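Quick caveat: nothing in here was measured; it's all calculated off a predicted structure.
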Amino acid sequence: MVKLNTVFIPLLMALVSLGCGKKGGSGAVLASNAAQKVYVAPGEKDEVYAFMSGGFNGQIGVYGIPSARLLKILPVFSLHSENSYGYDEETKDMLLTSKGYVTWDDSHHPEISLTGGNHDGRWLFINGNNTPRIARIDLTTFETKEIIEIPNTAGNHASPFLTENTEYAMSATRFSIPIPQRDIAIDEMGKGKFNGSISMIKIDPKDGRMSVELQMLAPAFSYDLSRCGKGPSHDWCFFSTYNTEQAYQMLEVGASKNDKDYIMAFNWVKAKACKDAGKAKDFPGVYYNNYLPENLPAVATKMSGVKLLDPKDCPGVAYYMPTPKSPHGADVDPTGEYIVGGGKLATVLPVHSFSKLLKAVEDKANYTGEVMGIPILKYESTLAGEVKKPCLGPLHTEFDNNGFAYTSCFVSSEVVKWKVESREVVQHLPAFYSIGHLSVVGGDNKKPYGKYLIALNKITKDRFLPVGMELPQSAQLYDISGSTAELLSDFTTVGEPHYAQMIPASVIKDKTKKIFPLEENKHPYAARSEKEAKITRNGKDVHINMTSIRSHFKPDTVEVKKGDMLYFHVTNLEQDYDIPHGFAVYGSTQPNLLIMPGQTKTLKWEAKEVGVFPFYCTDFCSALHQEMQQYIRVTP
Amino acid sequence: MILMWKKSLSTMNRRLVLLAAFLMGAVYFLPLWYISLAAPQYPEGLGMYIWINKLSGGTPYDLQNINLLNHYVGMDEIVSSSIPELLYMPYVLVYMIFGAAVTFFLPKLYMIAFGIINLGLVAVAGMADFWRWEYNYGHHLNPEAPIIVPGMAYQPPLLGCKQMLNIDACSMPHTGAVILLAVFGILVYIVWTERKAYLAEQVQNG
């Protein structure tokens, strides 16, 4: 009965808040002020980039803030017919996995690379949840440059959370499975036959290349979210858990029984030391590492075997801090001292203290049990304090530059602003509706930029014009620069953004590349000038090293025989910003190519029938774009 | 008056001759002229530098992009190798610097006069030649060009700005030309001071 009440009351309150918050809460005077704050005059640029995960579209949406204009859909894990990402000969192997070509994923958490605990704007990492992968995007070209698959993992959700200087990206399992995979009755899940795993993905500081450094077996809980420490807590990462009950059916009840779940404190420096001391074992695990060198075809490498650490063999590598109740966020404040648990079914917001954690682990009296050699600590022993009655369904917390924290609350559909030191709630901000994550500019940094906050809402309902049953996801932009935060605007997002990161535009914009210099184009089939344009035959394969420039292709015409396989390697000879050329062939089963200045891209086309087939430029390039059309002749 | 031109230069003016030589040496490393093109589609602009021995773009790619635009109206491609003047102009400058060196060791005022005449001739001939190239580029158009505007020529201005279709072209002297002008000024200054000194001497000698 007690159980039912705790579920019912939040639901009732959620309904109440849905009912009375409808207007969006800003009077006419405020609204005009808000309009000024989001207005970016023609020709002016936004102050901030927002990178929003696409959720079930597998991509990333890039927005300008405060205008909330969509700047780009950045393809990562899913096919993108707009520019042939994942289809063309150059990028298709980016989506190769041990399960074959997996041309979709569920992307959740974009993470901008860090130096000294602050966003440095070099790379953007994002997880693929369904087929466990981490992708790295180069923020000079806004291209996915590398995707690494993570073996011995299911549900790569607590990922890819970065250490203070991007030494590692952490990845932990949402779904526990038998490791290694084998046939086990599912009801044996709780009997130690299933496991979770924590993976440390090493990031090369020079070129960002990723590799699996180490995996650690973990109890079969669901690892949900993470943050790594900074400053004093540099060596540690914190993972929230739910379903510590290890229920395997009807989790909505079964996984909600325990009064407290845990936040795992994981000492990654110690884990690495244990590996170096030979305590990790060789373990099977097949995975792919796919890398897209600049302006060359992707190189997909099949890898085999990892180093696996059993926490029993590395005492002190991890501790469990009890945290009420099914926590989602495990967020570290700018000083690196506080770890805020967002217990989504809890009525308080627990704030753990890193310095208390270090003291607590010294005294065995604080150990209340252990799982797989990982000690469980007394709740009070690591607790700095609780934010009392913050809201219903607290999920995720970020921080500003003035000592305030902002926690999203799904059930009561709001953002609460509270003071980190005193843990007092100072403001409730309604969100429309049912906010998931939130994002503050640099909100997980040592020095947050602050100023803007975005609420990433899960339910849209009546916020926009209806467009059938599937609605755009709704987001809200708040100004948090003043003493009271203020709602500025509503905007639609693409896919379902789970999390977003924001970075001042000044860190990135001047480093973005405008063209690929032709003299650096090392593509094996590049034609760097019209003189290099040629057709070569190798049996049935016909390679056409083709050039495109305003406003024609070379060679002028292509003649082949029925049954030939044509590879159009089109090099865009332009060396001018924003002059891409497109390339499409009648009857092609592959989408069109979009070729950036100086780039070479390949479209494969089979000469299935006799006749004359046009090809043309699909990206309006010049006054004579329409004339950029030529023919292939297929003879018997 | 003939005697005045035979006058030896003061130590100060000898040094100025040396300075003029060094300044002319610097012209090898600095562009002489700059032509900029602006159009609505080119908010960042396109530019072309003219050097003593070459042409170059405002960015490494501007020249290619200017040629891409020009080909629509049928203009010839602008490449350094098609302009022979750029091959021998460096030697003309060598001759001028050599003249300054000789003047340093033979510091007579008539050498300065030669210098002024030579520099003046080079400037006039250079500008005339520049105009001739601009005229040819602007008028020698491929009759099969995609865009033909009846009566339209695309000769850029010698100095100043001019609107041609959607493009606003401006032509301005750059550091190299300013330095050559300064060298000219130095030579004139030398003549002026030496003349003053000569006249003063005449008065003294009665």
Show every salt bridge (charged side-chain N to carboxylate O under 4.0 Å, His left out) that has at least one partner inside residues 78-98 of chain B, sequence neighbours left out. B/E85-B/R132
Under a 4.5 Å heavy-atom cut-off, does chain B meet the side chain of A/E574, its backbone, both or neither? both
Looking at side-chain heavy atoms only, is the closest gap between A/V40 and A/P66 below 4.5 Å? yes
From B/T175, B/V178, B/I179, residue fulfilling side chain to side chain contact (heavy atoms under 4.5 Å, CB included) relative to B/V27: B/I179
Looking at side-chain heavy atoms only, is the closest gap between B/D168 and B/Q163 below 4.5 Å? yes
Pairs involving residues 45-68 of chain B, ordered by first then second residue, that meet side-chain hydrogen bond (donor to acceptor under 3.5 Å, both in side chains) (sequence neighbours left out): B/W51-B/S56, B/T59-B/D62
List in chain and number order the residues that pass ring pair (Phe, Tyr, Trp, His ring centres under 6.0 Å) with A/W123, two or more places apart in sequence or in another chain; answer none if no residue qualifies. none
How would you list, in number order, the residues of residues 89-100 of chain B that have a heavy atom less than 4.5 Å from chain A? none
Less than 6.0 Å separating the ring centroids of A/F615 and A/F553? yes
At a heavy-atom separation under 4.5 Å, does A/I549 approach chain B through its side chain, its backbone, both, or neither? side chain
